[in-house]
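Worksheet: one structure, shown below.
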There are 2 protein chains.
Amino acid sequence: MAKSRRVSSSADQREGGRRQVLETIRAAGRIARIDIAKAAGASPATVTAITSELIAAGLIEECADPPLQDAKRGRPRVALKIRGGAHLVAGVKVSHHAASVVITDFEGTEITAREMRLAENRMTPAKLCDEILRSLDEACAAGGLALGDLSGIGIGIAGLVDARRNFVYWSSSLRERNVDLGRMLEARVHCPVFLDNDANLVAKAEHIFGEGRNVDNFIVITVEHGVGMGIVLDGRIYRGVRGCGAEFGHTKVQLEGALCQCGQRGCLEAYVGDYALLREANLNSETDHKDIDSLFAAAGAGEEIAGSILDRAGRMFAMGLANVVNIFDPSLIILSGAQLNYDFLYSDKVIDQMKRWIVQVDAPIPEVKVHGWGDLMWAKGATAYAIEEVSNLTVRELAANAG
Amino acid sequence: MAKSRRVSSSADQREGGRRQVLETIRAAGRIARIDIAKAAGASPATVTAITSELIAAGLIEECADPPLQDAKRGRPRVALKIRGGAHLVAGVKVSHHAASVVITDFEGTEITAREMRLAENRMTPAKLCDEILRSLDEACAAGGLALGDLSGIGIGIAGLVDARRNFVYWSSSLRERNVDLGRMLEARVHCPVFLDNDANLVAKAEHIFGEGRNVDNFIVITVEHGVGMGIVLDGRIYRGVRGCGAEFGHTKVQLEGALCQCGQRGCLEAYVGDYALLREANLNSETDHKDIDSLFAAAGAGEEIAGSILDRAGRMFAMGLANVVNIFDPSLIILSGAQLNYDFLYSDKVIDQMKRWIVQVDAPIPEVKVHGWGDLMWAKGATAYAIEEVSNLTVRELAANAG
DNA sequence: CGATTTAATTTGAAACTCAAAAAAAATCTT
DNA sequence: AAGATTTTTTTTGAGTTTCAAATTAAATCG
């Protein structure tokens, strides 16, 4: 039988309303009650009731300070916003070389940030836990906080993650498969831990802080060492039934094509990821390229082999993008990640190819935005995830205690 | 600002509950009130209230006849089901050669079915309207009905359709682009018309009558003349923002590959659709294959060229399937369509290739089911769509009149 | 035939939402 | 500067809706 939401639950019929109001406020940043009512389609009376509850609970607050630019006359609107002090959360991004940590308040304002180099690329689960905790401790210390001050910790890790179970099927940072990393961490901290695939966290960050703010259907594509995708449908991250969907980097773009780090052939990542580009460049030219910078510069200087490699990467990427558009027909695609500091993946040529390869319809094609955030974006995404989940927990608690 | 659902609307706060109960009953076929309560997470009292409303409105009815196999003791459950007589709907599938019509009652029980050959493949919009109406008239006549007896008409057509607007961007059955076919038809009948891409309708049929019953996240892939996809997420068809997502057949599986009927190169369809297979076979062998039957037979007889063509089709299809799994991580994939009477698209070999090409995770891989329905399935899908939409309209009406 | 069991309905209370009225807080007008 | 006007927010009271608990209904068990 298909599982379905309750018509309403006994302890609370207002949980949905509370969540909706909170989400509206977060999306808007600062917003008056009357506008919440409009946005959420509720009556002003109901909004007054719900907001005064949320204020009493300390989740939101009035902020008169910069009065809402409204002019005209009548009673002025009073802006509401998330109360930053409501909770502190941490976001951690585990990458090959380092663990980045950001600690923010509940509004997403950064308190402190910290990057810690990792000794090894791949670790045992226990070692990775140690490293994560150490980086958290350091970040807290740097911000004059204790670990116990945190209300939630979001963690992003590359690989196959079932966020619903806080479970890692596989990660390039771990020596073992099938690690219950969430449980291991929660045993050692006193707040909930939220684990997810790193690309999903970027999508969350874009939705809450970035280009996807106020957009409810968009796709984020990240290009770094590997290629990832985050899918936002109806404002929520799409994860698939096993939690391992959105593996855009491992969709095949060539039958029996180039070898991927995953062991399979023809994955998009094997044509676009940085390791793949360097591998091919160093196989085919005398120059020894240490990094993408070098390869990109060579191509810019007219070196044929380098140019050809980046050109093919661009074409493969355009093909992958076109496939995403053909399947999802999103309103927006956000390209994100360090690789996107180089334009070979989003040059006009690539975008034109993409346009040529999508289904032709007399309606505007999806907007493509490039958002080349730095490394901390990933950790920021983890805080966004933590903020959202802690909000949900708090609202649910509020509901339970309301009776 | 992101649009969001109302907390509740003034005229009716029960619309959601009504719809949910109705959906639960339809999904179950026959179900007792107490089980509805469990499934929907509502109290028995609420279910009693809602069901008695629906019974009064004539949408559902008690059916004592085959008592629910329950045994034990206590007061026996009484089964509820959709009242077939509540409404009549028609479903039309427009294909290249023919228009198929099915008329069913509100339970989906077939009243009459009819297939009418079309004189031309591609028509002007006016001509297509004429043909659709003629086929509807004939089907009604065959069932002893009048067009006016219908409460809704679902229509499936190959091509790019925005179902939300009943609008056809492009269809291989139409000589013009951008046709407001829904409006044209509604001007000539006295009930609502619901237009959709044909693959979406197959998905709807699978969800309501077929293998997708009681599954809320699955993908349907249709292979016929072209290749289509229907995406069901959380029990609803996913359509994208412009209504032209899920164009699986036109995702690219080869850079600058085979020429597709859409004018682009490398589309999956250009390797798997029947026209593509025949085109290649007839270019490369002396035998003149008139249809897939002939090609399939030749391959079976060991003819090398035929075998090679089908083999490549199978590999390309496996790659496409693997990509779908990697992106959606669905619980179920249903392969549907006339092409699937031949096993070269779902032989063990193809499925094995697919398994090899999906991301490797220690969790069960999606189930793949083959459902080689006949031509009428498509029309049946159109009735399913009509039933669902008419249900929604009726529930909404009920809500409006309840005040 | 009463006891027991399970399903469905009724009842009464609590919660929720909303429209309308009232209050609050500003500007505009004279 | 006082009153009119405008707009936002809160309060009030009525109408729905949901649910737990009690009741009724309809079967089997012993």
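Sequence lines set the chain letters: A, B, ... in the order given, protein chains first and strands last, and positions in each chain run from 1.
The base of D:dT17 lies outside donor-acceptor range of the side chain of B:Arg14, with no N or O pair under 3.5 Å.
Rounded to an integer number of Å, the gap from CD1 of A:Ile34 to P of C:dA26 is 17 Å. Rounding to whole angstrom units, CD1 of residue B:Ile31 and C1' of C:dA8 are separated by 15 Å. The interatomic distance linking B:Arg19 (CZ) with D:dT17 (C1') rounds to 17 Å, in whole Å. We find that CD of B:Gln20 is positioned 15 Å from C1' of D:dT17, with the value rounded to whole Å. Computed from coordinates, the A:Asp35 CG to D:dT8 C1' distance equals 10 Å when rounded to whole Å. Atom C1' of nucleotide C:dT6 and atom CD1 of B:Ile36 are separated by 17 Å, given to the nearest angstrom. One can place CD of A:Glu15 at 15 Å from C1' of C:dC16, the figure rounded to the nearest angstrom. Atom CZ of A:Arg77 and atom C1' of C:dT27 are 15 Å apart (whole Å).
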Pick out the pairs of N or O atoms, protein on one side and nucleotides 22-26 of chain D on the other, that lie under 3.5 Å.
unit_1: D:dA25; atom_1: O4'; unit_2: B:Arg75; atom_2: NH1; d: 3.3
unit_1: D:dA26; atom_1: N3; unit_2: B:Arg75; atom_2: N; d: 3.3

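Side-chain N/O atoms of A:Arg33 include none lying less than 4.0 angstrom from OP1 or OP2 on D:dT8. Considering only side-chain N and O atoms, B:Thr46 lies under 4.0 angstrom from the phosphate OP1 or OP2 of D:dC19. Here A:Arg73 does not reach the OP1 or OP2 of C:dT29: none of its side-chain N or O atoms lies under 4.0 Å away.
Side-chain N or O atoms of A:Ser331 include one that pairs as donor or acceptor with a backbone N or O of A:Asn217 at under 3.5 Å. No donor-acceptor pair under 3.5 Å is formed between the side chain of A:Arg18 and the backbone N or O of A:Leu54.
Atom CD1 in A:Ile34 sits 9.0 Å away from atom OG1 in A:Thr48 (nearest 0.5 Å).
Within 4.0 Å of B:Ala49, counting heavy atoms only, lies no atom of the nucleic acid at all. Nucleic acid contact for B:Val78: sugar-phosphate only, since backbone atoms but no base atoms lie under 4.0 Å from a heavy atom of the residue.
The aromatic rings of B:Phe328 and A:Tyr238 stand perpendicular to each other, their planes meeting at an angle above 60°, with 30° marking the opposite boundary.
Considering B:Arg83, B:Arg33, B:Arg77, B:Lys81 in turn, B:Arg33 is the only one that fulfils the salt bridge (Lys or Arg N to Asp or Glu O under 4.0 Å) rule with B:Glu62.
Relative to the ring axis of B:Phe106, B:Arg26 places its NZ or CZ within 45° and under 6.0 Å from the centre.
A donor-acceptor contact closer than 3.5 angstrom is absent between the side chains of B:Arg183 and B:Asn166.
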